[in-house]
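Here is the structure we will look at.
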Amino acid sequence: MFTEIRGLNEECGVFGIWGHTESAQLSYYGLHALQHRGQEGAGIVVTDGNSLRPVKGEGLVNDVFNEEKLRAATGHAAIAHVRYPTAGGGGIENVQPLLFRSSTGSLAIAHNGNLVNANHLKQNLERSGSIFNSTSDTEVVIHLIKKSSHSPFRAKVKNALSLLKGAFALMILTKDMMIVARDRNGLRPLSLGKLGDAWVVASETCAFDLIGAEYVRDVEPGELLYITNNGLEVDRISDDIAPRAMCAMEYVYFARPDSNIDTVNVHMARKRMGRELAREVAGIEADVVTGVPDSSLSSAIGFAEESGIPYELGLIKNRYVGRTFIQPTQELRERGVKMKLSPVVQVVKGKRVIMVDDSIVRGTTSKRIVRMLKEAGAAEVHVMITSPPMTNPCFYGIDTSTSEQLIASSHSVEEIREAIEADTLTFLTPEGMVRATARPFDDENGGLCMACFTGNYPTEIFSDTVLPHEKEC
Ligand code: AMP
Ligand code: SF4
């Protein structure tokens with residue numbers, strides 16, 4: 001019976017290193033820097049030139065690895081992955097890198113993104129005899145490589161990758177080669193760096209900073225890199241050129257402020273989003289500007305600078321609680337917000353507060369925070385969102401739910417304002433967002449994917465494309 005593929009690689013983080021005797025240890029540090037991209041599981045697969053060795057487990061990077069395990073994973077190259085939490089867990093078998101042992105050569109793969117044609121490809125593969133171990137779309141890639149009639153191995157990989165549609169920033173490790181590839185639209189970020197003579201690849205440049213590596217460049221959309229002991233060779237997955245479409249939500253929310261995506265610093269982009277928003281609501285009267293920690297602190301600073309209204313620390317985050325989105329039920333999610341944030345009464349009491357946040361998905365978080373600020377005595381709460389209303393689901397690996405769960409897909413701005421009990425509510429315009437990111441490309445929207453705000457998807461979407469939230473529990 002045909003088992004549907006579940007999107008399992010949403011909002012994850014990948015890291016790889018080639019040519020360093022401490023590859024496992026450096027991967028561990030790299031994953032630390034990428035921890036915000038996934039907290040459910042972490043893994044490293046190392047090669048010593050003879051065989052591939054995995055170390056992985058469920059939980060945070062610190063829980064999964066220890067000195068002993070890392071010391072045992074000797075090798076000069078590694079690929080690594082942090083996995084985004086899925087509702088109800090996903091099991092160790094879905095923690096990446098996935099390792100496939102075979103007499104024709106073992107392979108490990110680490111993938112961030114969601115393939116929109118995974119079910120279609122899987123059906124074809126099963127018809128021709130492939131048997132699947134997991135429900136992850138990553139396994140499709142491995143079967144396509146193994147099944148490819150092309151030769152040699154590089155041609156097989158190229159052929160397999162050319163059949164994938166959707167979002168992927170991925171790395172494949174064999175005992176003597178690391179392959180790095182990015183989808184033709186460049187939907188998910190991936191950067192290339194150097195640490196001495198070693199090549200380093202990471203979802204975000206903050207991983208380079210942590211290990212002292214130097215940023216070289218972003219991996220180009222559609223690019224295919226082969227890294228071996230002979231150095232780095234650059235190829236393309238195919239000759240097709242597609243519109244550049246880097247996920248706008250990376251700048252808005254996901255990426256760390258100290259990362260640069262396509263050379264644009266995320267903190268600075270967020271600050272400009274705050275500034276743009278302040279210009280769009282010029283003349284608004286308020287006493288303090290506060291940001292929802294951590295992702296909106298940069299934009300709140302930008303808003304305060306532009307509006308001249310003082311920035312204040314009106315909300316404090318409890319660092320030891322994970323992101324609220326990870327809670328599987330609505331009830332737990334709501335409780336999560338309370339555990340996570342506290343108002344600073346002295347800052348907000350009797351004040352007209354501008355509360356800057358990055359996005360409204362279901363509307364739960366904003367409503368809780370508005371209430372919290374009012375209970376702490378705020379006279380007025382004006383909510384400023386540094387992205388446009390999210391009206392469409394994401395098919396590329398970001399868990400933004402189905403249309404029904406996106407409050408902006410069925411409610412007007414005024415209705416959302418009422419639902420979150422704010423005095424006013426303003427969203428950044430799509431034009432303001434594009435201007436704020438200030439990306440160094442002439443492409444439409446500066447080469448940003450804005451599909452969840454505009455409905456203009458940069459790839460075709462299949463009727464059986466699996467939404468990230470539909471993954472297995
Ligand atoms: P809510 O409107 O209650 O669903 O939550 C919105 C908040 O969740 C935003 O302010 C972000 O901080 C965060 N957020 C937005 N998109 C996502 C996502 N795809 N995964 C996890 N958190 C998100
Ligand atoms: Fe990012 Fe939205 Fe595009 Fe998904 S649809 S990749 S969340 S911009």
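Just so you know, ligand 1 is whichever comes first in the structure, and atom 1 is the first atom listed for that ligand.
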Worksheet item: Do S191 and E204 have side-chain N/O donor and acceptor atoms under 3.5 Å apart?
Response: no
Worksheet item: Which ligand 1 atoms are under 4.0 Å away from a heavy-atom of D358?
Response: 9 (C), 10 (O), 11 (C), 12 (O)
Worksheet entry | Working for side-chain hydrogen bond (donor to acceptor under 3.5 Å, both in side chains), residues Y396 and T459 | CA-CA 10 Å; Y396 306 122; T459 71; 2.9 Å; yes
Worksheet item: Which of the atoms of ligand 2 are close to A248, meaning less than 4.0 Å from one of its heavy atoms?
Response: 8 (S)
Worksheet entry | Sub-4.0 Å atoms of ligand 1 with respect to non-hydrogen atoms of R362 | 1 (P), 2 (O), 4 (O)
Worksheet, complete the sentence: Those residues at least two apart in sequence (or on a different chain) that pass side-chain hydrogen bond (donor to acceptor under 3.5 Å, both in side chains) with D423 are K374
Discussion item. Only heavy atoms of G363, strictly under 4.0 Å: list the atoms of ligand 1 that pass.
Written reply: 1 (P), 2 (O), 3 (O), 4 (O)
Worksheet item: Step by step, would you call N62 with Y28 a side-chain hydrogen bond (donor to acceptor under 3.5 Å, both in side chains)?
Response: CA-CA 9 Å; N62 252 348; Y28 163 76; 2.8 Å; yes
Practice prompt. Run the salt-bridge test on D183 and R188 with the 4.0 Å N-O cut-off and return the result as yes or no.
Written response: no
Worksheet item: Would you say the side-chain atoms of T426 and E280 include a donor-acceptor pair closer than 3.5 Å?
Response: no
Worksheet entry | Presence of salt bridge, E40 and R83, under 4.0 angstrom | yes
Worksheet, complete the sentence: One finds that the ligand 2 atoms under 4.0 Å from a non-hydrogen atom of A451 are 5 (S)
Worksheet item: Distance only, no hydrogens: is a donor on one side chain within 3.5 Å (strictly under) of an acceptor on the other, for S296 and Y253?
Response: no
Worksheet item: Do you see an N/O/S atom of C452, backbone or side chain, under 2.8 Å from atom 4 (Fe) of ligand 2?
Response: no
Fill in: Within-cut-off N or O pair, V361 and ligand 1, under 3.5 Å
yes
Worksheet entry | I398: numbered ligand 1 atoms lying under 4.0 Å from its heavy atoms | 19 (N)
Fill in: Contacting atoms of ligand 1, where contact means under 4.0 angstrom from a heavy atom of Y84
20 (N), 21 (C)
Practice prompt. Using the six-membered ring wherever Trp is involved, compare the ring planes of F395 and Y457 and label them parallel, tilted or perpendicular (cut-offs 30° and 60°).
Written response: perpendicular
Worksheet item: Looking only at side chains, do T386 and D358 share a donor and an acceptor under 3.5 Å apart?
Response: no
Worksheet entry | Per-atom contacts, ligand 1 versus I360 - under 4.0 Å to a heavy atom | 2 (O)
Worksheet entry | Close-contact set for ligand 2 against I398 heavy atoms, below 4.0 Å | 7 (S)
Worksheet item: Which bit of D357 is near ligand 1, meaning a heavy atom under 4.0 Å away: side chain, backbone, both or neither?
Response: side chain
Worksheet item: Is there an N/O/S atom in C449 at a distance below 2.8 Å from atom 1 (Fe) of ligand 2?
Response: no
Practice prompt. State the atoms of ligand 2, each with its element, that fall below the 4.0 Å cut-off from a heavy-atom position in Y396.
Written response: 6 (S)
Discussion item. Within ligand 1, which atoms have a heavy atom of T365 less than 4.0 Å away?
Written reply: 1 (P), 3 (O), 5 (O), 6 (C), 7 (C)
Fill in: Enumerated ligand 1 atoms positioned under 4.0 Å from heavy atoms of T364
1 (P), 2 (O), 3 (O)
Worksheet item: Applying a strict 4.0 Å limit to heavy atoms, is S366 in contact with ligand 1?
Response: no
Item to complete: Could you tell me whether the side chain of E421 and the main chain of K367 form a donor-acceptor pair under 3.5 Å?
Response: no
